[in-house]
Amino acid sequence: AQKVTQAQTEISVVEKEDVTLDCVYETRDTTYYLFWYKQPPSGELVFLIRRNSFDEQNEISGRYSWNFQKSTSSFNFTITASQVVDSAVYFCALSESDNYGQNFVFGPGTRLSVLP
Amino acid sequence: DAGVTQSPTHLIKTRGQHVTLRCSPISGHKSVSWYQQVLGQGPQFIFQYYEKEERGRGNFPDRFSARQFPNYSSELNVNALLLGDSALYLCASSTGGRSAVYEQYFGPGTRLTVT
């Protein structure tokens, strides 16, 4: 069975600090996909990144970076020089693929508050 | 291009009633999924449809049903509403496919309140 754990329920940082959001996943499949989504106060989930299990290369996009480590089943997300607009709930998600079917399993989310 | 649209935005129903929620995917997307998000939790998978066929079902009772139409829009139906069905119902669309899982794009959701 698939499972996603985000141990940090809430994090508060001061603007310009770096912050890392942890994500640990469980799956029995060798082929799977990992995602991060942002849910701002407006409520709409915003896609941030998709990574498949065969690509362990870390990725950087502006102030965002992701560290994927299969050895520890982790897919952590770092925001560099945080800004107030980064305040949101962040979800890590896992999906396996089975003949057109896809079941996204979301973690419980981490609420990030960036204080001015 | 228009994103995923959902209707209605908000809905208030009484226990025992029935509700229908609607979703239009992004143009060109053939896969639609439905999620339930209870306040303070992550979204829980309900159904996925691809090319009008059910491809996945989460751990929800038979009171929940869905369908996808030829234009790829979708409806989620919930019968015999319970107080515990109060939640944000999210629709997501993706290109879908057999050999890969693609990112899902979410609509703004329908906030259902059952009294």
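In what follows, chains carry the letters A, B, and so on, assigned in the order in which the sequence lines appear, proteins first and then strands, with residues in each chain numbered from 1.
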Practice item. Tell me whether Val24(A) is reachable from Phe75(A) by hopping between hydrophobic residues (I, L, V, M, F, W, Y) whose side-chain heavy atoms are closer than 4.5 Å. Key: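 No, no single cluster joins them.
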
Review point. Are Val105(A) and Leu21(A) in one and the same hydrophobic cluster, where Ile, Leu, Val, Met, Phe, Trp and Tyr link if side-chain heavy atoms are under 4.5 Å apart?
Key: yes

Check your understanding: chain A heavy atoms under 4.5 Å from Tyr35(B): which part of the residue, side chain, backbone, both or neither?
Key -> side chain

Practice item. Heavy-atom distances under 4.5 Å only: say whether Gln41(B) touches chain A with side chain, backbone, both or neither. Key: backbone

Review point. Does Tyr37(A) use its side chain to pair, donor to acceptor, with the backbone of Gln104(B) at less than 3.5 Å?
Key: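 Judged by distance alone, yes, a pair lies under 3.5 Å.
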
Can you measure from [atom1] ([X]) to [atom2] ([Y]) and round to the nearest 0.5 angstrom?
X	Y	atom1	atom2	answer
Gln39(A)	Leu90(B)	CD	CG	7.0 Å
Glu103(B)	Ile49(A)	CD	CD1	10.5 Å
Ser95(A)	Phe45(B)	OG	CZ	8.5 Å
Phe106(A)	Gln44(B)	CZ	CD	10.0 Å
Tyr102(B)	Arg50(A)	OH	CZ	6.0 Å

Is the number of heavy atoms from other residues, nucleotides or ligands within 6.0 Å of [atom1] ([X]) greater than 12?
X	atom1	answer
Lys70(A)	NZ	yes
Ile12(B)	CD1	no
Asn59(B)	CG	no
Arg15(B)	CZ	no
Leu39(B)	CG	no
Lys52(B)	NZ	yes

Practice item. Side chain from CB out, backbone as N, CA, C, O: work out which of these in Phe104(A) comes under 4.5 Å of a heavy atom of chain B, or both, or neither. Key: both

Exercise for review: Side chain from CB out, backbone as N, CA, C, O: work out which of these in Gln6(A) comes under 4.5 Å of a heavy atom of chain B, or both, or neither.
Suggested key: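 No part of it gets close to chain B.
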
Review point. So which of Pro43(B), Gly40(B), Gly58(B) has the biggest tally of heavy-atom pairs under 4.5 Å with chain A?
Key: Pro43(B)

